[in-house]
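Note that this is a predicted model, so its numbers are computed, not measured. Chain letters run A, B, ... following the sequence lines, proteins first and then strands; every chain starts at 1.
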Amino acid sequence: MSKEHRAMNPSKPQSIDKNTLIRNMIISAALLAGFGGLGTTLVVGTFELTKDQIEASEEANLLKNLNNILPASIYNNDLLSTHIKVPADSLLGSDKPVNVYQAWMDKTPVAVAFPVIAPDGYNGDIHLLIAIKASGEISGVRVIAHKETPGLGDKIDINKNDWILSFNGKSIANPAQKLWRVKKDGGVFDQFTGATITPRAVVKAVYRALDYYNANRRRLFLDQENLNKYYHAAMRGKDSKE
Amino acid sequence: MFVAQSSPFLKPALSVSKMMLVVTLALIPGIITSTWVFGFGVLVNIVLAIIFALGFEALMLYLRKRPIKVYLNDKSALLTAVLLGLALPPLAPWWLTLVGIFFAIVIAKHLYGGLGYNPFNPAMAAYAILLISFPAEMTTLWPSPSMLAGHESVNFLQTLNFQLFNQLPPSVTLDAISYATPLDVVRTSVINGLASISEIEETGKTFGMLGGLGTEWVNLAFLAGGLFLLKKGVIQWHIPLSLLATLGFFSLLFGSFELDSNPSPLFQLFSGATMLGAFFIATDPVTAATTPKGRIIYGAGIGLLIYIIRTWGGYPDAIAFSVLIMNMCVPMLDYYTQPRVYGHNDRDQQP
Amino acid sequence: MSEYFLLLISTIFVNNFVLVKFLGLCPFMGSSRKLEVAAGMALATTFVLTLSSASSYLANQYILIPLDIEYLRTITFILVIAAVVNFTEMVVHKTSPMLYQVLGMFLPLITTNCAVLGVALLNVQTGYNFFESIIFGFGAAVGFSMVMVLFASIRERLASADVPEIFQGAPIALITAGLMSIAFLGFTGLDKGLH
Amino acid sequence: MSETISDTFGEDNIETQTSLIREYTPIAKDGLWNNNPILVQMLGLCPLLAVSNSVINALGLGLATIAVLILSNMCISLIRNIVRPEIRLPVFVIIIASVVTAIELVMHAYFHELYLILGIFIPLIVTNCSIIARAEAFASRNTFGKAAFDGLMMGLGFTLVLVVLGAMRELIGLGTLFANAHIMFGEGMQWLTITVIPDYHGFLLAILPPGAFMGLAFLLALKNYISLKQKAAKKRQKSPLPETV
Amino acid sequence: MSVSQQLQGIWPFPGGIKLDGKKSLSCQTVINHAELPRELEIPLSQHIGHPAEAVVKVGDSVKKGQLIGHAKGFVSAPVHASSSGIVTAIEERLVPHPSGLPALCVIIDTDGYDHWYDCTALIAKNDAEHNGLNALSAEQITGKVAEAGIVGLGGALYPSAAKLQTARKKDSDTLIINAAECEPYITCDDALMRNRPEEIILGILLIKKVVGAERCLIGIEDNKPEAWQALLDTIQGYQRASHEHDKQSIEIIQVPTRYPAGGEKQLIQVLTGREVPSQGLPMDIGIICHNITTAAAVYQAVYRGEPLVSRIVTITGGAIKKPQNMEVAIGTSIREVLDQAGWHKERVDKIIMGGPMMGFALPSIDVPVTKATNCILVSEPGELPTPPPAMPCIRCARCADSCPMSLLPQQMYWYAKARELEKVQDYNIFDCIECGCCSYSCPSNIPLVQYFRYAKNEIWDDERERNKANLARERHEFRQERLEKAKKAKQEAARLRKEKLAKKKAEDKKNAAAAKDGGSKSDNKPASSHADLIAEAIARSKAKKAQQQALKKNTENLTEAQQKQVNEANERRKKS
Amino acid sequence: MLWGILALIALAAFFGLLLGLAAIVFKVESSPVVEQIDALLPQTQCGQCSFAGCRPYAEAIAAGEAPINLCPPGGEKTVQALADLLDVDVLPLEEDEVLEGPVVAVIIEDTCIGCTLCIQACPVDAIVGAAKQMHTVIESECTGCELCVAPCPVDCIEMIPVKKTISNWRWPEPQYDVNNEQAANIFTTIEKVLAESTHP
Ligand SMILES: Cc1cc2nc3c(=O)[nH]c(=O)nc-3n(C[C@H](O)[C@H](O)[C@H](O)COP(=O)(O)O)c2cc1C
Ligand SMILES: Cc1cc2nc3c(=O)[nH]c(=O)nc-3n(C[C@H](O)[C@H](O)[C@H](O)COP(=O)(O)O)c2cc1C
Ligand SMILES: Cc1cc2nc3c(=O)[nH]c(=O)nc-3n(C[C@H](O)[C@H](O)[C@H](O)COP(=O)(O)O)c2cc1C
Ligand SMILES: Cc1cc2nc3c(=O)[nH]c(=O)nc-3n(C[C@H](O)[C@H](O)[C@H](O)CO)c2cc1C
Ligand code: SF4
Ligand code: SF4
Ligand code: SF4
Ligand code: SF4
Ligand code: FES
């Protein structure tokens with residue numbers, strides 16, 4: 001195909017005279033602009049028509065993901081709009097501020113959900129989403145993205161294996177810290193045949209998330225304004241200390 | 001009609017078939033040592049692989065309407081089978097061997113036209129396919145070497161029973177007989193920052209006298225076989241030497257910077273399938289570079305890639321991938337490393 | 001610095017555009033029968049990919065985002081790319097007829113190559129900054145070129161192989177691409193390991 | 001190639017039914033088999049290989065591509081007489097890009113999960129080489145109706161191969177068919193998923209990139225095999241007859 | 001004369017192979033003389049270049065050494081009768097050539113007297129020690145060499161006089177004498193050196209004088225110590241005998257026995273370290289190389305006035321009863337030579353002319369011995385077995401490792417097989433000396449050399465075809481132009497005619513009809529109507545005469561050769 | 001939203017200006033491809049390709065109007081060369097019959113009546129002779145196109161294969177290959193020949 005294009009290359013071998021040049025340019029520009037405008041109008045029109053639906057779908061999707069680890073029955077606030085940004089923390093494995101979703105039942109805080117990164121997967125970072133009930137008990141964990149070896153490390157994915165459900169109901173003290181490990185290292189969590197690294201990394205990350213939760217429990221239920229105030233104060237405190 | 005037969009009329013004794021046979025014979029010390037170290041599974045693998053390989057080879061020759069007897073007699077399928085059999089984990093189930101041989105003989109060899117035409121090393125292509133398709137089986141079915149303490153020995157029938165019917169004697173568990181190969185240990189511990197070389201050394205279960213515990217003897221045996229091949233003139237020195245030298249050089253270089261996360265050159269050279277790869281796999285005439293300079297670059301490329309992948313990559317051993325990657329470069333290497341032809345200046349060398 | 005290096009390694013080897021990401025396959029299969037053609041294509045692509053990666057970044061940053069019309073990304077990018085390609089063609093034609101001989105015939109073909117639009121879209125998706133965008137585009141192009149040239153050299157060798165009839169031509173070329181892709185899987189984890 | 005096609009379907013329209021059939025059957029045959037965008041033209045390979053790891057993904061992208069092909073062919077056929085050669089390509093590209101973006105927005109709104117899975121490959125339909133090729137080779141030389149029909153047929157041809165390859169890879173790789181049917185047909189359609197081989201080990205190669213290349217290679221080989229058989233059959237039919245000029 | 005065994009360094013050439021020489025089979029000191037046959041069959045082309053043209057007629061009686069074919073052109077050589085007798089035929093006969101095709105030969109029925117034609121020597125032998133050599137001019141010597149029909153007897157068959165003249169013009173400084181005889185089985189050079197060292201040395205001095213070389217290097221493989229000793233003694237003898245100012249530098253150097261050390265380029269490299277440039281000649285680097293037998297032939301021509309009418313042939317091989325070297329008259333049938341040497345007919349497997357590495361299998365044994373015949377190798381089964389059919393190339397590169405020219409035979413093979421001729425040339429196929437080392441080392445038994453010969457042939461053919469196509473294109477375009485012009489001229493003429501000669505209208509009509517008729521003639525018309533047609537055609541051609549005049553004759557710009565062909569045709573026509 | 005449309009229109013207009021400029025500044029010379037194709041054709045000028053000679057066919061190929069497999073005199077070789085040049089797939093030759101070796105025309109001199117019809121037919125002026133003179137074919141110029149055969153009123157032109165001699169003999173392509181079923185017999189032929197000539 002390509003070759004024929006080349007061979008058939010339309011040739012316009014006129015001598016370059018200024019008038020035709022300008023006329024040519026203008027016609028081309030007008031035509032192209034016309035079609036550009038037409039096309040864009042089509043897209044813009046479609047966009048206007050689908051805008052709301054897109055937003056709704058986005059939200060529904062996010063909510064569905066959250067509800068997988070946070071049963072809709074335990075809270076009654078608008079989960080999606082109730083979130084705060086907390087500063088990066090090494091326990092969360094992230095160097096960017098992290099979104100924390102808060103679940104409330106009426107005025108009582110019920111649970112929070114936030115992403116965690118396990119940096120020591122076999123082939124790279126493992127991105128997790130974890131929900132922790134106010135009691136410190138894990139409500140659910142899911143793997144959002146990972147690069148583990150297919151067929152070996154990818155059993156952490158709920159679509160491949162139920163292993164990730166084994167965190168449900170666990171908390172920082174249950175089991176004891178020494179047992180927050182894979183079985184091979186003397187803990188309570190299974191590893192997969194031939195792949196210890198991955199589960200080890202996930203277990204560690206989940207434990208760190210619990211650690212983080214316990215250290216920041218109160219702050220995680222603040223609203224953004226108060227949280228910011230708190231951090232400002234903390235910063236200032238730090239500054240003055242130095 | 002008179003048909004002109006062109007000179008020369010003299011022919012040497014070495015034929016393709018004989019070449020392959022010599023290579024297979026040179027593998028025998030390695031096979032024996034492997035069996036001694038890793039158990040009868042090695043033999044089972046090889047025998048199964050040979051049976052499957054001859055079967056597929058005959059089938060493909062039949063489908064392609066080629067003279068079956070002549071080509072079966074060239075013994076290249078046999079050699080491919082033995083090499084793949086050696087590379088597979090000694091406790092590999094029979095179907096793993098079957099799938100591997102299918103890819104080696106049917107896909108990587110005969111779809112390209114059979115002996116001589118395949119750009120990729122059939123055994124290594126098959127090995128890589130198995131490794132990415134069945135990583136669990138490919139990494140966990142290594143029995144611990146017989147010289148390790150606490151080793152539960154499994155006899156021939158029990159091994160066979162496991163490989164064919166997936167049954168172990170009741171008193172034995174898979175975990176008890178399998179072990180993480182030295183390269184595996186180094187890869188998972190050091191690279192993930194779990195332990196340093198010296199810490200691993202202390203456990204005494206990974207490093208032997210020269211290289212990885214267990215694999216060092218196997219590698220020595222393959223080295224002996226390789227030297228025999230060199231002496232017989234079946235392979236040339238360029239590829240093995242440049243491969244081993246590059247691998248050794250880089251492990252020495254980086255090892256002197258970060259001693260604790262880089263195993264010694266000796267370990268690199270005498271672990272995994274290094275010697276097998278250097279003398280028997282990288283030297284596969286069909287898929288290797290052919291000019292003297294090209295062979296040196298080819299070998300060095302494999303050595304370097306082995307080092308890179310073992311040290312920073314996702315796979316504990318890298319013979320297969322390194323060989324395949326360099327296989328891709330062979331036409332280019334051959335093209336750009338042509339020797340200076342008699343009577344030509346260096347400048348008009350460009351072909 | 002080392003981050004850029006890693007990005008480069010990652011786009012060239014680990015996430016090779018052709019073999020892992022499946023972008024730019026039509027020229028990969030179509031123009032690789034002969035080494036010279038492949039080399040020309042590779043050269044032209046390297047140039048265009050880098051340039052379009054940079055210019056689409058600029059278009060995104062200075063037109064789409066300020067006007068809040070990010071949904072017009074595809075149209076804008078393709079327009080920008082076509083303009084860049086054509087403009088390049090013009091400049092090259094004027095300034096260096098020699099280079100034009102080499103690149104000229106390939107440039108228009110590249111406009112409709114997934115890799116070029118793909119690189120622009122991926123840039124935005126991953127949120128690379130200007131410099132990273134350029135590196136990413138360049139890395140993708142080098143990866144593309146490398147595989148393309150190696151592939152062509154193997155295909156030339158295959159031309160005289162005794163391939164079964166039904167596998168001659170495209171099928172065996174695809175098998176080869178598959179095996180190359182397997183070989184490239186050997187680089188898996190390099191980006192993490194080097195980190 | 002393009003020339004011969006346009007020659008076969010000239011502009012003279014005698015709207016009788018037989019001539020309609022005579023004109024449209026070859027278009028259909030071309031799209032589905034003789035000049036199939038993938039099997040013969042080897043175009044549009046990127047989406048083909050990238051999203052054919054399951055039937056549902058394949059179907060999703062296939063349908064989107066059909067829609068784009070029909071719409072873009074129609075638009076281009078309409079404007080075919082206005083465009084000057086030097087801006088032909090950019091104009092076509094703009095039109096295709098607009099159509100694609102519109103469809104992308106619709107998918108984003110109504111097939112959200114599918115949209116997420118197909119990801120970058122939806123906007124990349126713009127550069128799907130087979131679309132621009134149809135625009136150049138057919139739509140810009142033919143009437144509206146024929147162009148639309150050609151779009152449909154080429155799209156079907158593309159989708160068919162896409163789905164077959166998807167099925168092949170899914171079956172060999174995972175032992176299922178129509179997994180994740182819900183993302184396309186809604187939650188109620190989970191039952192569509194068929195586990196063909198229960199307790200299947202899974203053959204990852206098929207799902208991974210190399211498997212895509214090899215799968216397509218085998219499809220092409222199959223096509224070659226069928227074509228060869230057809231040719232052989234034709235020859236056998238022809239040979240006993242005396243040569244007539 | 002300075003004599004030294006190893007003054008020179010040895011520059012080894014790359015590749016090459018060690019072969020079992022098998023020389024002891026035929027290696028005896030004596031050279032037997034073959035009996036004169038009843039019939040001599042002397043091919044007119046026994047050299048590279050234009051075939052000689054017969055100067056005798058059937059029925060002529062000729063004497064030994066009489067010219068029967070004279071050289072045609074610079075690169076050509078005359079042919080002489082190798083015994084006295086009567087020319088009975090000049091016809092195509094089977095000759096020793098790999099094609100098995102016949103070529104023009106002069107057949108002489110010998111009378112058994114073996115009378116010499118009157119041959120004059122330039123100088124007498126014993127003159128050499130005095131001033132005879134100095135008295136001769138180079139032109140005289142080359143003239144004699146040309147007259148004697150000497151061609152390169154090392155296998156190249158290039159007319160020696162032509163080579164000498166070119167070398168003289170190019171100021172060669174080194175004469176290399178090829179005494180390597182690297183092919184297995186062959187010992188004819190060895191035998192010559194042992195038996196007639198003086199002839200060789202005198203021949204060398206002649207050649208050296210012609211080309212004006214300062215030094216002469218004789219390269220001999222180290223597996224021929226007796227021959228080496230014989231030459232050394234002779235050289236030393238001459239050195240002692242000659243005057244101080246007359247001292248000539250001849251060195252004899254033993255080179256390691258490795259095939260193909262006798263290849264011209266390899267020998268030059270080994271002896272001097274220089275390389276003959278690709279596509280070039282040794283003369284380009286100031287070297288001329290001749291075979292030892294050629295030198296002896298020069299001696300015979302100059303000192304005895306004898307043209308090249310016989311040569312030494314090695315008869316060897318497992319099926320020969322008594323392997324030996326024989327001096328055989330050129331034109332003797334190989335069957336007779338074999339009968340004389342004695343052979344086990346029932347044990348014959350192959351009959352090869354030349355050695356096992358570079359020779360070729362004879363299509364028949366009823367072919368004559370020619371100037372090129374250095375060896376007849378009759379093998380018994382198992383001695384030179386036909387290899388099993390070729391397997392695919394496994395790219396082992398053994399061929400490349402053994403190639404003395406550092407070529408890449410397997411690449412050339414791939415491309416030759418795929419008929420990618422340009423690629424083959426990119427891999428320098430024209431540097432291949434067809435030595436056979438690559439085929440020999442190939443474990444897959446691929447007939448590599450034959451592929452290279454085939455590819456070279458195809459390239460030449462293509463070249464020829466391309467030239468022909470270009471010519472055809474030019475001629476076609478020229479014709480179009482001519483027709484165009486003619487058409488215009490005709491129209492002009494017709495217009496004028498119409499005006500002036502209106503009465504000729506009727507005839508014009510007839511013309512048109514005839515033209516139509518001729519154009520639509522179908523090819524399967526019945527043969528019976530030939531006579532009518534001829535009559536009709538004659539009428540037509542008459543009618544068209546006027547038209548012919550306008551159609552300019554196309555015989556104008558013909559080359560000489562073409563014109564000759566036309567004239568010949570006209571001659572023939574007149575005769576009949 | 002309006003901004004979006006406007007921005008794109010502006011962009012497109014700019015682009016159009018650029019391309020309008022390009023269309024003029026660019027000159028695509030008559031493609032040299034034609035020359036290259038023409039150089040590959042055998043220049044027999046026989047018209048079997050259904051074009052009026054080789055060059056028109058070359059032009060048709062370059063324009064994409066004709067497939068590359070229409071030239072029987074060129075044979076597989078030409079198709080292969082064209083495919084290489086144009087980077088397209090090799091097509092099998094249209095013609096089923098294979099040409100056997102090169103041929104040249106000869107005029108049987110006794111029969112020729114000197115009608116000059118063949119001279120007019122020959123596209124390359126390979127026939128010489130004036131009216132009523134005997135004509136002859138210049139062997140080195142004849143392309144073997146057979147166009148002169150039909151017009152001859154007395155059927156005196158014959159196409160004969162070019163004679164095989166030692167000087168135009170070529171080494172054949174080796175056939176001695178395991179994949180060749182007859183391979184095993186090839187050289188027994190030689191041995192038989194020798195055996196025959198040994199025991200006549
Ligand atoms: C190609 C390959 C990929 C692997 N991928 C993973 C992985 O994704 N996750 C993992 O935990 N282990 C993976 N491993 C396994 C490790 O090498 C190692 O065997 C294991 O994690 C440690 O196992 P063990 O502690 O059970 O012996 C992989 C191994 C190989 C050879
Ligand atoms: C003697 C020997 C020792 C091996 N040791 C290891 C090992 O330590 N770790 C590992 O992953 N594989 C090991 N293998 C498997 C090889 O490393 C390798 O994976 C296989 O032999 C061939 O594939 P390769 O060529 O890709 O390495 C060993 C193989 C052999 C023959
Ligand atoms: C492979 C090869 C081997 C040769 N071996 C010999 C040889 O052994 N002796 C010899 O005189 N010429 C040999 N020749 C011929 C020489 O190259 C060269 O033609 C010859 O020495 C020139 O001398 P002349 O012109 O007198 O024949 C060989 C040529 C080739 C290509
Ligand atoms: C020295 C040598 C090494 C070989 N190595 C391999 C190998 O690594 N893998 C393989 O499949 N075949 C190997 N072979 C066998 C043979 O070359 C191989 O099957 C071909 O690649 C098949 O075309 C080897 C043969 C020789 C002589
Ligand atoms: S025949 Fe030619 S290619 Fe072969 S070894 Fe001799 S010189 Fe080299
Ligand atoms: S020696 Fe034979 S098999 Fe080896 S590379 Fe050369 S041609 Fe091929
Ligand atoms: S068929 Fe071939 S040779 Fe004859 S005119 Fe056409 S191109 Fe020329
Ligand atoms: S002589 Fe006849 S065959 Fe030869 S070129 Fe002329 S017309 Fe053609
Ligand atoms: S679909 Fe053609 S390049 Fe991607």
Less than 4.5 Å to any heavy atom of chain C: does that hold for the side chain of Asp334(B), its backbone, both, or neither?
neither

Proximity breakdown for Ser160(C) and chain B, heavy-atom pairs closer than 4.5 Å:
backbone

Is the ring pair Phe56(B)/Phe102(B) parallel, tilted or perpendicular, if the boundaries are 30 and 60 degrees?
perpendicular

Atom group of Leu63(B) that falls short of 4.5 Å from chain C, counting heavy atoms
neither

Under 6.0 Å between ring centres: does that hold for Trp312(B) and Phe254(B)?
yes

As an exercise, state the distance from CG of Asp68(C) to CG of Leu72(C), rounded to the nearest 0.5 Å.
10.5 Å

Using non-hydrogen atoms and a 4.5 Å limit, figure out which bit of Val323(B) sits close to chain C: side chain, backbone, both or neither.
neither

Given Tyr128(C) and Phe136(C), is the ring pair (Phe, Tyr, Trp, His ring centres under 6.0 Å) satisfied, shown in steps?
CA-CA 8 Å; Tyr128(C) 286 134; Phe136(C) 183 65; 5.1 Å; yes

Phe120(B) versus chain C, heavy atoms under 4.5 Å apart: side chain, backbone, both or neither?
side chain

Side chain, backbone, both or neither: which part of Ile132(B) has a non-hydrogen atom closer than 4.5 Å to chain C?
side chain

Is the distance between the ring centroids of Phe130(C) and Tyr57(C) under 6.0 Å?
yes

Could you look at Ile325(B) and say if it's the side chain, the backbone, both or neither that has a heavy atom under 4.5 Å from chain C?
both

Leu35(C) versus chain B, heavy atoms under 4.5 Å apart: side chain, backbone, both or neither?
side chain

Between Tyr112(B) and Tyr117(B), does the ring centroid distance fall short of 6.0 Å?
no

Give, as side chain, backbone, both or neither, the part of Val149(C) having an atom under 4.5 angstrom from any heavy atom of chain B.
both

Using the side-chain contact (heavy atoms from CB on, under 4.5 Å) definition, which of the options Leu83(B), Ile105(B), Asp284(B) pairs with Pro122(B)?
Asp284(B)

With a 4.5 angstrom heavy-atom cut-off, which part of Ile172(C) approaches chain B: side chain, backbone, both or neither?
both

